[in-house]
Amino acid sequence: MTGLFELLGLGASAELLSLSGWGGNLLRGLANSLQIAFGAFGLGLVIGLFGAYGKLYGGKVTRDLLAIYTTVIRAVPELVLILILYYVGSDIINKISEAMGGGRVEINGVAAGIWVLGVVQGAYATEVLRGAIKAVPVGQIEAAKSYGMPALMIMRRVTIPAMMSFAVPGLANLWLIATKDTALLAVVGFNELTLETRQAASSTRAYFTFFLAAGFLYLMVTLCSGAVFARVEKWARRGQPSLKGGKT
Amino acid sequence: MTGLKELMQPHRIVMMMVFAGLVAWCAVSLRWDWIPQYAPLALEGLWTTIWILAVSTFMGFMLAVPLGLAQAVGPWYLSIPARTFCTIIRGTPLLLQIWLLYYGLGSLFPQFPWIRSSELWPYLRQAWPYAVLALTLSYAGYEGEVMRGAFSSVAKGQLEAAKSFGMPRFTMFRRIWLPQAIRNVLPTLGGETILQLKATPLVATITVVEIYAVSSRVRSDTFIVYEPLLLLAVVYMAIAGVIAFAFRRFERG
């Protein structure tokens, strides 16, 4: 039993995971991951809001282009998209910089991660928000229109608050996908949690310790966000009659 | 032929012409001369991708049925472990799970002499068993959750009717409960299978040579960046299309 104990490196793992050891690196990686996930989620929401409005109210061409965008993004693996978008993004930035007379630009890992994952998230967010907007009763929007509200004000005061309760479950899912997709950036070489973990594991040979620790960190993030989103959903549903029956 | 009529709107014809022009431009001005050299390897990689996808979805589904059943109607000592398993799988990135199994278990096994001398060792030394195991567990974790909903959505009267006919419990499960549960979730299963397809390139990071690994080898050998990736995206879209089509046929038939 003690042999197994030592084999798994449990005795030494506390020391390895201490903040002065590799634990600090893991936490820094987690901070990077969360930063990228937040940014990508935000960018995805912005793209998704415009995408959803374009798909619902846009012209024929806009609608078809958006359909191509969402279909392609959702059919191609994230890893492949990440590589394509990463190369396209760095090529464009370098071309711009050369045109302006500068040299090659060193690309910030966090910004690149946000751009790459944000475009991917945007496709999913478009679909989530489109469904949510469609679920808002048309009469509510027509009522706002008949009061003479401008389009932006209708969006701000009627559509977005009314669609929130439909959108929150899908958006919660998207946020979880965003946090987990940051791990894919390890393949491109960004210093987020998974890559830090792998580096720590391979230099100390304590694979189980570090991968389990990282898994625990990810799990904490997803469980905490689950609790947060449950509260947000409750807030978004305020005033709506409960479907559970009994108390309203 | 409403489909054809819908396609033949003026703006769509223009867009299709633009698209055809884009494809022609890609074919002419991008570099494709590497294809003949790498075609055999690419076919092998494609086969590996499809094979891993098929095996892991099948085994994952087999595992998901008991997981879903345990969560839906099982006693607490079965339902709590099942729920914990699903939460852990869904809460951590697949890449981390793959690396944990491959590097973690892979570094543990050689230290046991009896594993090294066993018949399984030639397999355990390779990467693909870990890839299949990780993908299977991941699919089972996501699907267990789906099957939980499916099992509890089957109308209770159906099961009571079967019971009142004196059907044994296993026959009832096989003839009534499972078929109805599966029929309810077929659309979800189709979507999840496409998600599983999109997860397969991750196994390239543990040296399994599937179609994604072939494209990155082309990239590192020839320094051609976009062409292999574009072709790869087209291949994945084609496979996803086939899966979606198959499930749609399945739902109808």
Side-chain angles (χ1 to χ4, degrees), chain A residues 3-4 7-9 33 59-61 63-65 68 71-81 83-88 91 176-177 179-187 192-195 197-198 201-202 205-212 214-223 225-226, chain B residues 9-12 14-16 18-19 49 87-108 111-112 191 194-205 211-212 215-216 219 225-226 228-241 243-244:
Chain A
L4 187 70
L7 210 59
L8 289 172
S33 285
K60 284 176 179 173
V61 181
R63 247 185 283 174
D64 280 359
L65 285 177
I68 293 173
T71 316
V72 168
I73 294 274
R74 294 193 308 163
V76 177
E78 280 84 353
L79 196 54
V80 179
L81 288 174
L83 283 177
I84 294 179
L85 290 170
Y86 180 69
Y87 287 125
V88 169
D91 261 11
L176 293 184
I177 292 175
T179 54
K180 285 187 286 171
D181 272 359
T182 55
L184 299 183
L185 296 173
V187 176
E192 44 65 67
L193 181 52
T194 309
L195 191 65
T197 308
R198 193 180 160 183
S202 58
R205 310 250 126 221
Y207 289 100
F208 259 114
T209 313
F210 282 110
F211 282 124
L212 286 180
F216 179 76
L217 286 179
Y218 276 114
L219 203 58
M220 282 302 108
V221 171
T222 46
L223 290 180
S225 7
Chain B
Q9 290 169 22
H11 75 283
R12 286 201 172 142
V14 172
M15 280 172 77
M16 272 189 278
V18 170
F19 182 71
T49 298
T87 311
I88 289 176
I89 291 287
R90 284 150 45 99
T92 51
L94 178 58
L95 188 64
L96 196 75
Q97 295 162 15
I98 292 177
W99 286 359
L100 173 71
L101 286 180
Y102 180 66
Y103 295 111
L105 284 184
S107 69
L108 205 60
Q111 300 176 26
F112 294 102
I194 290 176
L195 286 185
Q196 180 80 348
L197 166 73
K198 288 166 51 180
T200 53
L202 291 182
V203 305
T205 60
I211 186 78
Y212 171 80
S215 101
S216 35
R219 209 172 64 236
V225 175
Y226 290 112
L229 284 174
L230 283 178
L231 196 61
L232 191 63
V234 171
V235 168
Y236 278 113
M237 278 193 279
I239 304 178
I243 293 174

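Small disclaimer: the values here were computed from a predicted structure and weren't measured. First the proteins, then the strands, lettered A, B, ... as listed; each starts at 1.
For the residue pair A:Val76 and B:Lys198, the shortest heavy atom distance occurs at O-CE, 3.6 Å. The two residues B:Met15 and A:Asp64 come nearest to each other via the heavy atoms CE-CB, 3.6 Å. Across B:Gly104 and A:Tyr207, no two heavy atoms sit closer than the pair CA-CB, 3.8 Å.
Annotation: side chain of B:Leu229 is in contact with side chain of A:Tyr87 (closest heavy-atom distance under 4.5 Å). Proximity of A:Phe216 to B:Thr92: side-chain heavy atoms (C-beta onward) are nowhere separated by under 4.5 Å. Between B:Phe19 and A:Ile68, every side-chain heavy-atom pair lies at or beyond the 4.5 Å cut-off. Taking the side chain as every heavy atom from C-beta outward, A:Leu184 and B:Leu202 approach each other to under 4.5 Å. No side-chain heavy atom of A:Arg74 sits under 4.5 Å from any side-chain heavy atom of B:Ile194. Here the side chains of A:Val72 and B:Met237 are in contact, with some heavy-atom distance below 4.5 Å. Within the 4.5 Å cutoff, the side chain of B:Thr87 has heavy atoms near those of the A:Leu223 side chain. Considering only heavy atoms from C-beta on, B:Leu101 stays 4.5 Å or farther from A:Phe211 through its side chain.
Of the listed residues A:Arg205, A:Met220, A:Arg198, the one with more heavy-atom pairs under 4.5 angstrom with chain B than any other is A:Arg198. Of the listed residues (A:Leu219, A:Leu81, A:Val61, A:Leu176), the greatest number of heavy-atom pairs within a distance under 4.5 Å of chain B belongs to A:Leu219.
The CG atom of A:Leu79 sits 8.0 Å away from atom OH of B:Tyr236, with the distance rounded to the nearest 0.5 Å. The line from CG of B:Leu95 to OH of A:Tyr218 is 8.0 Å long, rounded to the nearest 0.5 Å. Atom-to-atom distance recorded for A:Arg63:CZ and B:His11:NE2 is 8.0 Å, nearest 0.5 angstrom.
Using a 4.5 Å cut-off between heavy atoms, B:Ile239 makes no contact with chain A at all. With a threshold of 4.5 angstrom between heavy atoms, B:Gln97 does not approach chain A through any atom at all. Only the side chain of B:Tyr212 comes within contact range of chain A, judged by heavy atoms closer than 4.5 Å.
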